[in-house]
Amino acid sequence: MSAMDGTAAAPGAMTPQAEDYNPAMFELLRTINDPADLRRLERRLLPQLAEELRAFVLESVSQTGGHLSSNLGTVELTLALHYVFDTPEDRIVWDVGHQTYPHKILTGRREGMAGLRQLGGISGFPRRSESPYDTFGTAHSSTSISAALGMATAARLKGESRRCIAVIGDGAMSAGMAFEALNNAGASDADLLVILNDNEMSISPPVGALTNYLARLLSGRMYTSARRASEHLLKRLPAMWEFARRAEEHVKGMVTPGTLFEEFGFNYIGPIDGHDLDALIPTLTNIRKLSGPQFLHVVTRKGQGYKLAEDDPIAYHGPGKFDPQEGLKQTAGGKPTYSQIFGDWLCDMAPLEPRLVAITPAMREGSGLVRFSEEFPERYFDVAIAEQHAVTFAAGLACEGLKPVVAIYSTFLQRGYDQLIHDVAIQNLPVLFALDRGGLVGGDGATHNGAFDYAYLRTVPNLTLMAPADENECRQMLYTGLQLSGPAAVRYPRGSGGGAAVEREMRALPLGRGEIRRQGARGDHGIAILAFGSMLAPALRAAEALDATVANMRFVKPLDVELVQRLAATHALLVTVEEHQIMGGAGSAVCEALAALGVERRILLLGLPDRFIDHGDPARLLASVGLDAAGIERSIRAAGPG
């Protein structure tokens with residue numbers, strides 16, 4: 001290899017591994033404070049920069065926790081994009097955001113990585129308010145093509161010349177929204193580049209020198225000019241034009257998997273090796289000169305350069321802090337998470353209820369479904385990132401007498417809300433929603449906080465909504481929901497609870513009935529705290545200092561109106577506490593019930609404020625909005641019972 005020609009090491013050549021790098025060796029990376037610095041580098045230095053960048057990602061994530069595998073896989077692609085395109089004038093929209101740490105490091109946030117996903121630190125996802133290089137905020141999947149198309153269309157309408165690029169992972173391509181956007185973009189003739197980051201080898205055949213060569217050929221001006229000239233000539237002879245068009249599709253289809261994207265109206269290029277800068281840079285340089293919708297297919301490997309992550313990209317998808325030399329350690333014991341409680345219940349229930357089936361929109365590990373998928377594979381359905389489909393698919397199963405359980409995050413069910421109403425609730429079908437990540441979720445921040453589910457679910461007729469106060473109650477509520485003849489949701493938080501003992505025996509809870517967990521003072525100075533779900537534990541601690549009565553409400557819908565009425569009759573102040581937005585939440589339901597009863601009583605609503613809560617440690621976040629025991633006590637004392 002010549003030192004003057006700017007070529008990278010051939011695939012398979014010996015290169016340093018990320019775990020072998022000493023942080024003191026980041027000498028080249030430290031000179032890059034923005035992409036303009038990157039574009040001033042000689043091409044021959046890019047492979048070294050890629051290795052330093054990969055090592056820096058590993059080093060920083062090991063100290064803070066965060067997404068690792070996907071970011072190690074996008075190092076070369078990120079370098080090539082910022083090297084070829086004039087960012088931020090040219091817009092890059094990253095899908096999901098799990099793959100943007102190299103992008104953040106190269107765009108002025110290298111030092112900020114020390115505070116990644118921490119309170120007051122930078123976000124783990126693209127965020128417009130954080131950097132002009134974050135052109136669109138993304139944390140839920142499959143939005144990039146729509147957003148980039150909007151930007152490309154706006155540029156055309158304003159007479160501005162810029163390139164708009166959507167980088168979408170192959171998992172995100174499974175969502176209907178991505179295909180809706182492809183359909184629109186292909187018909188719009190917008191100057192849009194869609195890059196499929198195929199990091200699971202799920203679409204493409206093995207890549208190599210031939211496919212890299214074809215990509216450069218198909219993106220080159222000579223091929224494009226010849227194609228346009230022949231199109232102009234042959235369109236005068238319709239029969240010959242149709243023959244030539246079909247022949248080209250056939251030939252390209254034999255050597256590339258891009259026929260589908262060609263049908264959408266894109267010029268398909270690839271697949272190419274997403275870790276080969278000598279393939280990426282010339283291809284992107286050629287594409288930048290083309291007009292109309294372009295589709296580039298690159299193949300990358302999750303965990304690239306860190307063998308432990310390469311071998312187990314799922315385990316290293318979103319690890320906490322760890323030692324890069326030793327890797328993740330298995331910890332024995334510890335409190336089970338709510339996701340594990342759900343997964344165990346599902347496996348215990350399956351032999352007892354042969355009609356039970358489980359559905360997830362691509363969240364097997366996160367939702368606790370690994371064991372069920374292995375023990376009951378014929379009753380397990382991963383429908384990919386397709387929340388709308390997941391809900392209606394469950395409705396179809398329920399129509400035929402099965403008992404579908406949809407395991408889904410609170411913020412992901414938002415994407416299937418119309419299907420929840422139209423396909424499930426109106427038809428009163430027995431679909432059980434295991435609603436994970438209710439409340440504040442920590443490092444993922446506002447995009448993943450389950451702050452709105454009480455509000456958007458309790459307004460739906462026919463639906464039962466439960467909120468467990470501990471792990472055992474979660475198990476019993478799941479069983480309760482499965483016994484109902486209509487739709488039900490059990491909403492539980494991320495992570496572990498207080499470690500409550502879990503009963504193996506399953507029993508149905510009385511529908512719409514709460515319970516008194518602590519009896520306090522009554523009368524003119526009596527305070528009754530109505531706690532929903534995860535707020536029972538801090539409410540009980542606050543009540544000790546206040547001598548307050550505490551009710552574990554259990555059901556957001558149907559609300560235990562009789563219990564509300566009884567507490568209102570015997571206490572001067574009612575306090576509702578919920579890890580949910582105050583507006584439209586469980587406290588609002590209590591106010592509505594009191595109004596319907598014609599009961600006037602002082603009431604204090606405690607919950608999440610009317611703003612988006614940022615990322616950070618969950619306990620600190622709850623304290624910051626007054627939802628820890630001290631905050632609850634403080635708010636009640638300020639209100640006063642009299």
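In this chain, residues are counted from 1 in sequence order.
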Of the non-hydrogen atoms in [X] and [Y], which two are nearest, and what is the gap between them?
{"X": "Arg504", "Y": "Asp348", "value": "NH2-OD2, 2.5 Å"}
{"X": "Ala542", "Y": "Ile632", "value": "CB-CG2, 3.8 Å"}
{"X": "Ile145", "Y": "Ala181", "value": "CG2-CB, 3.5 Å"}
{"X": "Val556", "Y": "Ala467", "value": "CG2-CB, 4.4 Å"}
{"X": "Gly616", "Y": "Leu621", "value": "O-CD1, 3.6 Å"}
{"X": "Gly481", "Y": "Leu432", "value": "CA-CD1, 4.0 Å"}

Out of curiosity, [X] [atom1] to [Y] [atom2], how far, rounded to the nearest 0.5 Å?
{"X": "Ile341", "Y": "Glu471", "atom1": "CD1", "atom2": "CD", "value": "5.5 Å"}
{"X": "Asp95", "Y": "Asn197", "atom1": "CG", "atom2": "CG", "value": "10.5 Å"}
{"X": "Ile359", "Y": "Leu397", "atom1": "CD1", "atom2": "CG", "value": "5.0 Å"}
{"X": "Cys347", "Y": "Phe342", "atom1": "SG", "atom2": "CZ", "value": "9.0 Å"}
{"X": "Phe433", "Y": "Leu463", "atom1": "CZ", "atom2": "CG", "value": "7.5 Å"}
{"X": "Met466", "Y": "Leu509", "atom1": "CE", "atom2": "CG", "value": "8.0 Å"}

May I ask you to test the [X]-[Y] pair for a side-chain heavy-atom distance under 4.5 Å?
{"X": "Val564", "Y": "Asp560", "result": "no"}
{"X": "Leu608", "Y": "Leu627", "result": "yes"}
{"X": "Ser410", "Y": "Tyr456", "result": "yes"}
{"X": "Leu478", "Y": "Val405", "result": "no"}
{"X": "Ser62", "Y": "Asp323", "result": "no"}
{"X": "Cys591", "Y": "Leu605", "result": "yes"}
{"X": "Leu356", "Y": "Leu346", "result": "yes"}
{"X": "Leu68", "Y": "Val57", "result": "yes"}

Salt bridge (charged side-chain N to carboxylate O under 4.0 Å, His left out) contacts touching [range] (sequence neighbours left out):
{"range": "residues 578-596", "result": "Arg458-Glu592"}
{"range": "residues 625-635", "result": "Glu633-Arg637"}
{"range": "residues 479-494", "result": "Asp444-Arg494, Asp453-Arg491"}
{"range": "residues 603-618", "result": "Arg127-Asp614"}

Exercise. Using distance alone, with no hydrogens and no angle criterion, decide if Gln99 and Asn199 have a side-chain donor and acceptor under 3.5 Å apart.
Key: no

Quiz prompt | Inter- and intrachain pairs under side chain to side chain donor-acceptor pair (under 3.5 Å), touching residues 389-405, at least two apart | solution = Thr392-Asp423

Exercise. Can you tell me which residue pairs pass the side chain to side chain donor-acceptor pair (under 3.5 Å) test with a partner in residues 537-549, sequence neighbours excluded?
Key: Arg518-Glu544, Arg518-Asp547, Gln519-Thr549, Thr549-His571

Can you check whether [Y]'s main-chain N or O pairs, donor with acceptor, with [X]'s side chain at less than 3.5 Å?
{"X": "Glu387", "Y": "Gly416", "answer": "no"}
{"X": "Ser496", "Y": "Lys335", "answer": "yes"}
{"X": "Ser174", "Y": "Ile385", "answer": "yes"}
{"X": "His615", "Y": "Gly121", "answer": "yes"}
{"X": "Ser141", "Y": "Ala172", "answer": "no"}
{"X": "Glu310", "Y": "Gly305", "answer": "yes"}

Exercise. Report the residues that fulfil side chain to side chain donor-acceptor pair (under 3.5 Å) with Ser373, sequence neighbours left out, ordered by chain and then residue number.
Key: Arg364

Identify, with sequence neighbours excluded, every residue that meets ring-ring contact (aromatic ring centres under 6.0 Å, His included) alongside [X].
{"X": "Tyr479", "value": "none"}
{"X": "His98", "value": "His67, Phe125, His317"}
{"X": "Phe322", "value": "Tyr316"}
{"X": "Tyr454", "value": "His580"}

Quiz item: Stepwise, does the salt bridge (Lys or Arg N to Asp or Glu O under 4.0 Å) test hold for Arg517 with Glu515?
Solution: CA-CA 6 Å; Arg517 290 291 293 268; Glu515 60 173 0; 3.3 Å; yes

Quiz item: Can you check side chain to side chain contact (heavy atoms under 4.5 Å, CB included) on Leu567 and Ile516, steps first, answer last?
Solution: CA-CA 10 Å; Leu567 292 171; Ile516 299 295; 3.9 Å; yes

Quiz item: Mind checking whether Phe372 and Phe376 have ring centres under 6.0 Å apart?
Solution: yes

Is it true that atom [atom1] of [X] has more than 12 heavy atoms of other residues, nucleotides or ligands lying nearer than 6.0 Å?
{"X": "Arg371", "atom1": "CZ", "value": "yes"}
{"X": "Met583", "atom1": "CE", "value": "no"}
{"X": "Gln427", "atom1": "CD", "value": "yes"}

Exercise. Step by step, work out the side chain to side chain contact (heavy atoms under 4.5 Å, CB included) result for Leu420 and Leu457.
Key: CA-CA 9 Å; Leu420 171 70; Leu457 288 174; 3.3 Å; yes

Hey, can you pull the donor-acceptor pairs under 3.5 Å for the side chains in residues 434-443, sequence neighbours left out?
from: Asp436; atom 1: OD2; to: Ser339; atom 2: OG; distance (Å): 2.5
from: Arg437; atom 1: NH1; to: Ser339; atom 2: OG; distance (Å): 3.3
from: Arg437; atom 1: NH1; to: Gly366; atom 2: O; distance (Å): 3.0
from: Arg437; atom 1: NH2; to: Tyr409; atom 2: OH; distance (Å): 3.1

Practice problem: I would like to know whether Asp344 and Arg475 meet salt bridge (Lys or Arg N to Asp or Glu O under 4.0 Å); could you show each step before the answer? | Solution: CA-CA 9 Å; Asp344 290 342; Arg475 182 178 171 90; over 6 Å; no

Quiz item: Thr74 and Thr100: side chain to side chain contact (heavy atoms under 4.5 Å, CB included), yes or no, with the steps?
Solution: CA-CA 8 Å; Thr74 57; Thr100 55; over 6 Å; no

